[in-house]
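I have placed the structure first, in the form of structure tokens, so that the comments after it can refer back to it.
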Protein chains: 2
Amino acid sequence: MTQPVWDPLVRDCPSRRLLDRIGDRWTVLVVGVLADGRLRFSEIQHAVDGVSQKMLTQTLRALERDGLVARTVFPQVPPRVEYELTDVGRSLLGPLRALTDWATEHMSGVLDARGSYDEAQARDELAAH
Amino acid sequence: MTQPVWDPLVRDCPSRRLLDRIGDRWTVLVVGVLADGRLRFSEIQHAVDGVSQKMLTQTLRALERDGLVARTVFPQVPPRVEYELTDVGRSLLGPLRALTDWATEHMSGVLDARGSYDEAQARDELAAH
DNA sequence: CTGTATCCGACCAGATACTG
DNA sequence: CAGTATCTGGTCGGATACAG
């Protein structure tokens, strides 16, 4: 018996590229803050702590290109640009929430496991002398 | 109203670090091929197309450190090492499947959106001359 | 305010060679 | 078979300066 559920992931490049996008450092966070509604560029930057202007621009462009985020420019001075999730973008919220829920639930357990592993490593290194 | 669901993601570093791990290039694929059961190192490498020995080792070590994968060494010559998901590791399969299902379902739409966006870009660049 | 352009350091990942 | 060690090119991302 093979792994039918995972075949697309392993063999099929297109779906893997989608996962690559989700995997980057800021995409999930940006989609997250856009979950509630429209936001201006500066509002997103403020909400996603630590993101640089360059990275936020790149992330939003990629999301727009993939049709997950809609960009609206208001012809004003100074400029006003607002971003919001499209229907497709919103459809990603469910799966993403499943992941973050898992992370929240298992965070402490994983952190403990890391501690134990690192302790064991330290002991082994000492024993090597 | 704030974004209560996403606050942990944006502000809480530990849970973000968990997502960072999932976001790397090979973790999801390795967890995927281990979904069915125990596998040897070489079997995993064969199943996950394109992964180098170095990256597979690093990925498996990280998963072991986090308690998502169990590593069993058989004291033989030549060595035999088997990997399998722990209970925690298996608990990640559900959320992961939600994501891959989403990717499969929306793949073509996203690809179309990319094509349209790139076309529009090309037109704009031509119009600039 | 919302970008774009450029430079540069840090990290990632592949290739290769070697070991128990 | 299952790693470790090292080198190196490429990419990511931050800082800065500047533009519309």
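In what follows, every chain begins at residue 1, and chains take the letters A, B, ... in the order their sequences are listed.
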Note to self: Please list all pairs meeting ring pair (Phe, Tyr, Trp, His ring centres under 6.0 Å) that have one or both residues in residues 86-126 of chain A, counting only residues at least two apart or in different chains.
What the structure shows: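 Passing the test, one end in residues 86-126 of chain A: A:Trp102-A:His106.
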Scan the side chains in residues 26-33 of chain B for donor-acceptor partners under 3.5 Å anywhere in the protein, sequence neighbours excluded, and list what turns up.
{"from": "B:Thr27", "atom 1": "OG1", "to": "B:Arg21", "atom 2": "O", "distance (Å)": "3.3"}
{"from": "B:Thr27", "atom 1": "OG1", "to": "B:Asp24", "atom 2": "OD1", "distance (Å)": "3.2"}
{"from": "B:Thr27", "atom 1": "OG1", "to": "B:Asp24", "atom 2": "OD2", "distance (Å)": "2.5"}

Note to self: Under 4.0 Å from a heavy atom of chain B: give me the 5'-most and 3'-most nucleotides of DNA chain C that qualify.
What the structure shows: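 Counting from the 5' end, contacts occupy C:dA13 to C:dG20.
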Next item on the list: Compute the bend angle of the helix from C:dC1-D:dG20 to C:dG20-D:dC1 from the end axes (five pairs per end), rounded to 10°.
Entry: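 So the angle between the two local helix axes works out to 40°.
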Notebook entry, point to check: What residues form a salt bridge (charged side-chain N to carboxylate O under 4.0 Å, His left out) with B:Arg40, not counting sequence neighbours?
Noted result: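 Once residues adjacent in sequence are excluded, B:Arg40 has no partner under the salt bridge (charged side-chain N to carboxylate O under 4.0 Å, His left out) criterion.
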Note to self: Taking salt bridge (charged side-chain N to carboxylate O under 4.0 Å, His left out) as the definition, give me every residue that meets it alongside B:Arg61, ordered by chain and number, with sequence neighbours left out.
What the structure shows: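 Applying salt bridge (charged side-chain N to carboxylate O under 4.0 Å, His left out) to B:Arg61 gives none.
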Note to self: Tell me which residues in residues 77-86 of chain A lie within less than 4.0 Å of DNA chain D, going by non-hydrogen atoms.
What the structure shows: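 Output list: A:Pro79.
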Next item on the list: Please work out which residues in residues 56-74 of chain B have a non-hydrogen atom less than 4.0 Å from an atom of DNA chain D and list them by number.
Entry: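 Hits under 4.0 Å, by residue number: B:Thr57, B:Arg61, B:Arg71.
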Notebook entry, point to check: How long is the gap from CD1 on A:Ile22 to CG on B:Leu99, to the nearest 0.5 Å?
Noted result: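 Here the interatomic distance stands at 5.0 Å.
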Checklist line | Rounded distance (nearest 0.5 Å) linking atom OG1 of B:Thr59 with atom CD of B:Glu64 | finding: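 With rounding to 0.5 Å, OG1 (B:Thr59) is 12.5 Å from CD (B:Glu64).
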Checklist line | Pairs meeting criterion salt bridge (Lys or Arg N to Asp or Glu O under 4.0 Å) with involvement of residues 74-83 of chain B, two or more places apart | finding: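 Listed by first then second residue: B:Arg38-B:Glu82, B:Arg80-B:Glu82.
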Notebook entry, point to check: Looking only at heavy atoms, what is the nearest atom pair of A:Asp118 and B:Arg65, with distance?
Noted result: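 Heavy atoms of A:Asp118 and B:Arg65 come nearest at OD2-NH1, 2.6 Å.
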Note, [X] side chain near [Y] side chain (heavy atom, < 4.5 Å):
X       : Y        : answer
A:Leu34 : A:Glu84  : no
A:Tyr83 : A:Val69  : yes
B:Gln58 : B:Leu60  : no
A:Leu96 : A:Thr100 : no

Between the protein and nucleotides 14-18 of chain D, list the N/O to N/O atom pairs that are separated by less than 3.5 angstrom.
{"from": "D:dG14", "atom 1": "OP1", "to": "A:Arg25", "atom 2": "NH1", "distance (Å)": "3.3"}
{"from": "D:dG14", "atom 1": "OP2", "to": "A:Ser52", "atom 2": "OG", "distance (Å)": "3.2"}
{"from": "D:dG14", "atom 1": "O6", "to": "A:Lys54", "atom 2": "NZ", "distance (Å)": "2.3"}

Check: Taking the side chain from B:Thr86 and the backbone from B:Leu68, do they hold a donor-acceptor pair closer than 3.5 Å?
Finding: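 Yes; at least one donor-acceptor contact below 3.5 Å.
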Notebook entry, point to check: With A:Val77, which residues qualify under side-chain contact (heavy atoms from CB on, under 4.5 Å), at least two apart?
Noted result: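 Partners of A:Val77 by the side-chain contact (heavy atoms from CB on, under 4.5 Å) criterion come out as none, since no residue qualifies.
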Next item on the list: Would you please name every residue forming a side-chain contact (heavy atoms from CB on, under 4.5 Å) with B:Ala120, sequence neighbours left out?
Entry: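 Scan of B:Ala120 (side-chain contact (heavy atoms from CB on, under 4.5 Å), adjacent residues dropped) gives B:Arg123.
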Check: For B:Gln45 and D:dA2, what is the distance between atoms CD and P respectively, to the nearest whole Å?
Finding: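 Spelled out: CD on B:Gln45 to P on D:dA2 is 9 Å.
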